[in-house]
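One structure is given here, and the rest of the page talks about it.
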Amino acid sequence: MNHEQIMAALPAGSFDKASIWRILSNLADRGLLRRMDLGDRIWRYELLDACRTVEDDHTHFLCESCGDVLCLPPLEVRARDGAMPAALMNADFQVRVMGRCASCTSG
Ligand SMILES: [Zn+2]
Ligand SMILES: [Zn+2]
């Protein structure tokens with residue numbers, strides 16, 4: 001969920017936008033939420049629990065049409081011939097998967 005979606009889910013007028021922003025930021029810093037930018041410059045937050053931990057940094061699919069986000073199973077990146085350039089061994093890279101979700105393509 002993004003900040004706007006979280007604000008919309010709370011009773012109107014009961015929470016201050018800046019306070020929620022700060023709380024989300026604190027929870028992300030503490031490892032309770034994962035904060036991610038999926039390429040559209042909007043921070044989204046995902047609850048980390050027994051099933052989703054900080055170490056399990058799975059890839060997300062962002063629907064460019066409706067903005068829906070789906071968690072993908074852990075992916076592995078390797079060259080077709082199986083080789084891995086040495087420079088990538090300890091690199092921190094993110095895979096960005098964008099497109100149109102099933103409900104946007106079926107309509
Ligand atoms: Zn969609
Ligand atoms: Zn996820």
Side-chain angles (χ1 to χ4, degrees):
M1 293 176 93
N2 60 37
H3 184 243
E4 200 180 310
Q5 292 170 318
I6 292 165
M7 287 309 294
L10 296 169
S14 54
F15 294 94
D16 172 56
K17 251 183 127 158
S19 303
I20 296 297
W21 190 258
R22 244 190 337 269
I23 290 165
L24 290 172
S25 200
N26 286 341
L27 292 175
D29 291 344
R30 294 283 174 159
L32 297 171
L33 297 178
R34 173 180 292 138
R35 179 175 40 212
M36 49 203 175
D37 173 6
L38 300 181
D40 57 359
R41 295 163 178 266
I42 295 172
W43 285 118
R44 287 184 175 77
Y45 298 87
E46 172 174 63
L47 182 63
L48 296 176
D49 53 24
C51 304
R52 287 171 294 200
T53 63
V54 178
E55 292 77 33
D56 154 38
D57 197 5
H58 55 264
T59 299
H60 293 90
F61 171 87
L62 171 65
C63 176
E64 293 169 298
S65 185
C66 69
D68 216 11
V69 175
L70 298 170
C71 297
L72 299 177
L75 303 174
E76 193 178 74
V77 177
R78 58 171 74 231
R80 278 198 191 141
D81 64 0
M84 180 67 116
L88 292 183
M89 287 303 190
N90 294 308
D92 175 29
F93 52 95
Q94 296 186 335
V95 177
R96 196 175 283 173
V97 188
M98 295 171 102
R100 282 158 65 85
C101 73
S103 54
C104 286
T105 45
S106 68

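In each ligand, atom 1 is the first atom listed, and ligand 1 is the first ligand listed.
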Margin query: How wide is the angle at the Zn ion (ligand 2) spanned by H60 NE2 and H58 NE2, rounded to 10 degrees?
Written below: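 Nearest ten degrees: 100°.
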Note to self: Suppose you place the vertex at the Zn ion (ligand 2); what is the angle out to C71 SG and E46 OE1, to 10°?
What the structure shows: 140°
Notebook entry, point to check: Do Y45 and M7 belong together in a cluster built from hydrophobic side chains that touch within less than 4.5 Å?
Noted result: yes
Item checked: Hphob cluster co-occupancy, F15 + L32, side-chain heavy atoms under 4.5 angstrom ->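 Yes, same cluster.
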Next item on the list: Check whether any side-chain heavy atom of I42 lies under 4.5 Å from a side-chain heavy atom of D37, and answer yes or no.
Entry: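 No - every pair of side-chain heavy atoms lies 4.5 Å or more apart.
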Next item on the list: Rounded to the nearest 10 degrees, what's the angle SG of C66 makes with SG of C101 at the Zn ion (ligand 1)? Could you check?
Entry: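 It comes to 110°.
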Check: Once rounded to 10 degrees, what value does the angle at the Zn ion (ligand 1) take between SG (C63) and SG (C104)?
Finding: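 If I round to 10°, I get 110°.
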Notebook entry, point to check: For the residue pair W21 and H3, is the inter-centroid distance of their aromatic rings smaller than 6.0 Å?
Noted result: yes
